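Working notes, structure below.
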Amino acid sequence: MPSNVSVIVGTQWGDEGKGKIVDLLAESKDYVVRFQGGNNAGHTIVVNGKKYPLHLIPSGVLNPKANCVIANGVIIDLEVLVSEIEMFTKDGVKLAGRLFISDRCHLILPYHKALDLAYENARGKGKLGTTGRGIGPAYSDKASYNGIRIYELKNWDLFVEKFKFQTKIKNEILKTFKVTPININKELEKISELRKIVLPFVTDTFQLLQKAVAQKKNILMEGAQAVMLDLDFSPYPYSTGSNTIPGMVNTGAGIPIQKIGDILGVVKAYTSRVGSGPFPTELTDKLGAELQQKGAEFGTTTGRTRRVGWLDLEAVKFACEVSGVTEIAITKIDILSGLKKIKICVGYELPPSVIARSPERSRRMTKQPNKIPYSSCGYVELEKLTPIYKEFSGWKEDIMKVKNFKDLPKNCQDYIKFIEKFLGIPIKLISTGPKREEYISI
Ligand code: GDP
Ligand code: IMO
Ligand code: MG
């Protein structure tokens with residue numbers, strides 16, 4: 001029986017255009033659910049000429065029939081959430097009765113943000129390039145039993161007690177970094193105002209989603225970040241604080257794994273990443289700068305310039321395998337129009353001098369002495385390897401208005417067909433522009 005729960009997952013380093021795809025697919029959904037990450041995510045949707053950068057509220061919000069759920073795996077910065085609620089309320093988008101926030105969500109508190117920045121400063125040249133939103137510190141507090149759930153805001157006296165206890169400890173740590181300590185009373189005043197706006201949306205989303213699954217409602221799970229940033233499957237420590245692969249749907253929303261049906265992997269037609277860390281196909285030349293400008297590759301969350309490079313199918317193949325991707329959406333193919341030659345990375349080669357993390361296994365698997373699969377690479381190998389490229393001829397035409405695959409330039413068709421064949425997964429959707437209506441359905 002076909003399942004009614006589908007998942008969207010980013011197959012690269014984030015910013016693949018997941019938000020746009022979610023908004024597009026949400027038209028036929030009863031629920032759109034965020035299940036991991038926090039406001040490190042920045043999902044852009046462009047509807048009726050207006051651009052919305054979303055950090056916490058699911059990207060289905062502009063489809064009035066879709067209910068929006070922020071499930072337990074998400075960590076919440078109250079200020080960011082309230083500013084999104086206010087933005088939509090001002091725009092006349094109804095949220096009451098259709099935005100549901102899990103009572104189990106952990107809070108990102110002021111000391112998490114201060115610690116995130118303090119650690120980054122202390123790392124100096126070795127900084128990771130986090131978004132500075134307190135993600136790592138908040139998830140570590142959750143895992144070390146020092147977190148505070150959003151539910152606790154209902155019992156103010158108890159919340160104050162816990163907040164004071166945690167802030168005092170964190171202020172001691174901040175002191176060692178020579179960072180101004182958190183002003184407990186000032187922050188409590190702010191939180192006491194924010195909680196009044198947020199608490200009406202807080203509920204038991206587990207019950208809500210169980211019922212929705214049983215009633216065969218159409219549910220779309222909106223992944224944030226991407227596989228290459230997954231806490232376990234990234235080249236750690238160049239990671240984010242949560243698991244980003246579809247398995248997280250179970251722990252992050254309470255939906256059993258056997259209920260999951262389609263898993264749509266979003267693949268940007270080239271690669272981008274924000275922050276530090278290895279990037280085998282990075283273009284640091286004039287062409288890279290052109291792609292950055294043309295693709296408007298500036299972070300939705302932090303405004304940082306995104307690093308860009310050729311499509312890395314060795315990495316994407318791994319992302320699809322670990323995520324169980326069943327279909328693909330290609331995005332930003334329009335940005336490649338006008339390039340004379342386009343390259344795709346189809347494998348990695350390691351210089352003989354570098355000892356891979358698991359050389360025997362990788363050599364056995366590939367039967368070639370120096371080839372190494374993505375899964376056997378740590379960040380050291382990823383920094384030292386040489387990508388193996390296949391070159392394609394480009395196309396000149398503007399393709400943003402094209403609605404049928406057969407009307408795409410032949411070279412563009414060949415580029416897309418190659419991706420499909422290499423991954424062995426059907427391409428169902430091709431996004432040709434940022435606006436909701438700019439896509440080709442296959
Ligand atoms: P997400 O984090 O995966 O949701 O992606 P972001 O929203 O951070 O970044 C993707 C950017 O590309 C946004 O500015 C989108 O509006 C834009 N975008 C999405 N799909 C396309 C596309 O097919 N073509 C173009 N030109 N822009 C796109
Ligand atoms: P969306 O959902 C791109 C990156 C940061 C940094 C690393 C760790 O919009 O695709 P963190 O603040 O999470 O501790 O930072 O992860 N990162 C993202 N990069 N898109 C994202 O989300 C990201 N979320 C985190 O830049 O390298
Ligand atoms: Mg983004």
Side-chain angles (χ1 to χ4, degrees), residues 8-24 34 36-47 50-56 58-59 74-75 77 108 112-113 115-117 119-120 127-140 222-231 234-242 244 265-279 291 293-307 329-337 398-400 402 429-440:
I8 300 266
V9 62
T11 61
Q12 292 151 308
W13 276 271
D15 304 326
E16 294 87 354
K18 298 175 292 293
K20 184 223 159 132
I21 303 294
V22 170
D23 167 66
L24 184 60
R34 278 279 310 268
Q36 46 72 228
N39 58 298
N40 47 348
H43 297 178
T44 317
I45 53 182
V46 185
V47 181
K50 193 157 178 191
K51 191 167 167 174
Y52 296 86
L54 295 178
H55 302 290
L56 282 167
S59 302
V74 177
I75 48 177
D77 182 323
I108 300 179
H112 292 130
K113 290 179 267 188
L115 282 171
D116 193 356
L117 297 174
Y119 275 112
E120 278 290 82
K127 75 172 179 179
L128 303 173
T130 72
T131 59
R133 301 308 191 250
I135 303 299
Y139 274 121
S140 12
E222 175 179 356
Q225 289 79 52
V227 176
M228 300 302 149
L229 294 167
D230 181 271
L231 190 51
S234 59
Y236 187 92
Y238 297 102
S239 322
T240 188
S242 68
T244 58
V266 185
V267 181
K268 195 188 284 204
Y270 51 97
T271 310
S272 71
R273 83 164 294 173
V274 211
S276 325
F279 184 172
L291 270 181
Q293 288 302 322
K294 205 167 161 214
E297 293 297 351
F298 307 101
T300 313
T301 300
T302 57
R304 290 177 290 176
T305 304
R306 296 174 183 150
R307 300 155 66 194
I330 302 270
T331 59
K332 300 194 95 162
I333 188 83
D334 53 298
I335 301 301
L336 298 181
S337 291
D398 178 358
I399 56 169
M400 284 175 106
V402 175
L429 202 71
I430 301 165
S431 174
T432 56
K435 295 181 192 150
R436 187 188 270 176
E437 58 278 11
E438 289 166 334
Y439 71 94
I440 298 168

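The structure presented is a predicted model; accordingly, all values stated were derived computationally and were not measured. When a ligand or atom number is given, it counts from 1 through the structure's own listing order. Throughout, residue positions are numbered sequentially from 1 according to the sequence presented.
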Option of least heavy-atom distance to [atom] (set: [options]):
atom	options	value
atom 8 (C) of ligand 2	Ala41, Ser239, Gly38, Gly275	Ser239
atom 2 (O) of ligand 1	Gly42, Ser337, Gly223, Gly19	Gly42
atom 5 (O) of ligand 1	Gly295, Gly17, Gly10, Gly14	Gly17
atom 9 (O) of ligand 1	Lys294, Glu222, Arg306, Lys268	Arg306

For ligand 2, which atoms, with element, lie under 4.0 Å from some heavy atom of [X]?
X	value
Leu229	4 (C), 16 (O), 17 (N), 18 (C), 19 (N)
Ala224	2 (O)
Asp15	1 (P), 3 (C), 9 (O), 10 (O), 20 (N)
Trp13	3 (C), 19 (N)
Lys18	1 (P), 2 (O), 10 (O)

**Q.** Distance-only N or O hit between ligand 1 and Met400, under 3.5 Å
**A.**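 Looking only at distances, the answer is no, because the N/O contact criterion of under 3.5 Å is not met.
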Q) Can you check whether Lys20 has an N/O within less than 3.5 Å of an N/O in ligand 1? A)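 It does not: no N or O of Lys20 is found under 3.5 Å from an N or O of ligand 1.
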Q. Which part of Asp334 is near ligand 1, with near meaning a heavy atom under 4.0 Å away: side chain, backbone, both or neither?
A.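 Near ligand 1, Asp334 shows its side chain, while the N, CA, C and O stay back.
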Q | Part of Ile45 within contact of ligand 1 (heavy atoms, under 4.0 Å) | A |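 Looking at Ile45 and ligand 1, no heavy atom falls under 4.0 Å.
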Tell me the protein heavy atom at minimum distance from [atom], and give that distance in Å.
atom	result
atom 6 (C) of ligand 2	Gly129 O, 3.1 Å
atom 12 (O) of ligand 2	Thr131 OG1, 2.5 Å
atom 10 (C) of ligand 1	Asp15 O, 3.8 Å
atom 23 (O) of ligand 1	Ser431 OG, 2.6 Å
atom 11 (C) of ligand 1	Lys332 NZ, 3.7 Å
atom 7 (O) of ligand 1	Thr44 OG1, 2.6 Å
atom 27 (O) of ligand 2	Val274 O, 2.9 Å
atom 13 (O) of ligand 2	Thr240 OG1, 2.6 Å
atom 16 (O) of ligand 1	Pro434 CB, 3.5 Å

Q | Closest non-hydrogen atom pair between Ser234 and Leu229, with its separation | A |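 Nearest heavy atoms, Ser234 then Leu229: CB-C, 3.7 Å.
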Do any heavy atoms of [X] fall under 4.0 Å from ligand 2?
X	value
Arg306	no
Gly42	yes
Gly223	no
Ala226	no
His43	yes

Q. Can you check whether Arg273 has an N/O within less than 3.5 Å of an N/O in ligand 2?
A.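 Between Arg273 and ligand 2, no N or O pair is found under 3.5 Å apart.
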Q.
Arg304 versus ligand 2: do any nitrogen or oxygen atoms come within less than 3.5 Å of each other?
A.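 Yes; the residue has a nitrogen or oxygen that sits under 3.5 Å from a nitrogen or oxygen of the ligand.
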Q. Does Gly433 come within less than 4.0 Å of ligand 1, judged by its heavy atoms?
A.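 A heavy atom of Gly433 does come that close to ligand 1.
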Quick one about [Y] and [X] (side-chain donor to acceptor, distance below 3.5 Å, no hydrogens or angles considered), yes or no?
X	Y	value
Ser242	Gln36	yes
Thr240	Gln225	no
Ser431	Lys20	yes

Q. Hey, is Arg306 close enough to Asp15 for a salt bridge, meaning N to O under 4.0 Å?
A.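 Salt bridge present between Arg306 and Asp15.
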Q) Which atoms of the protein, restricted to N, O or S, are nearer than 2.8 Å to the Mg ion (ligand 3)? A)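 Protein N/O/S atoms under 2.8 Å of the Mg ion (ligand 3): Asp15 OD1, Gly42 O.
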Q.
Just to verify, which of Lys18, Lys435, Arg436 counts as forming a salt bridge (Lys or Arg N to Asp or Glu O under 4.0 Å) with Asp23?
A.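 Going through the options one by one, the only one that passes is Arg436.
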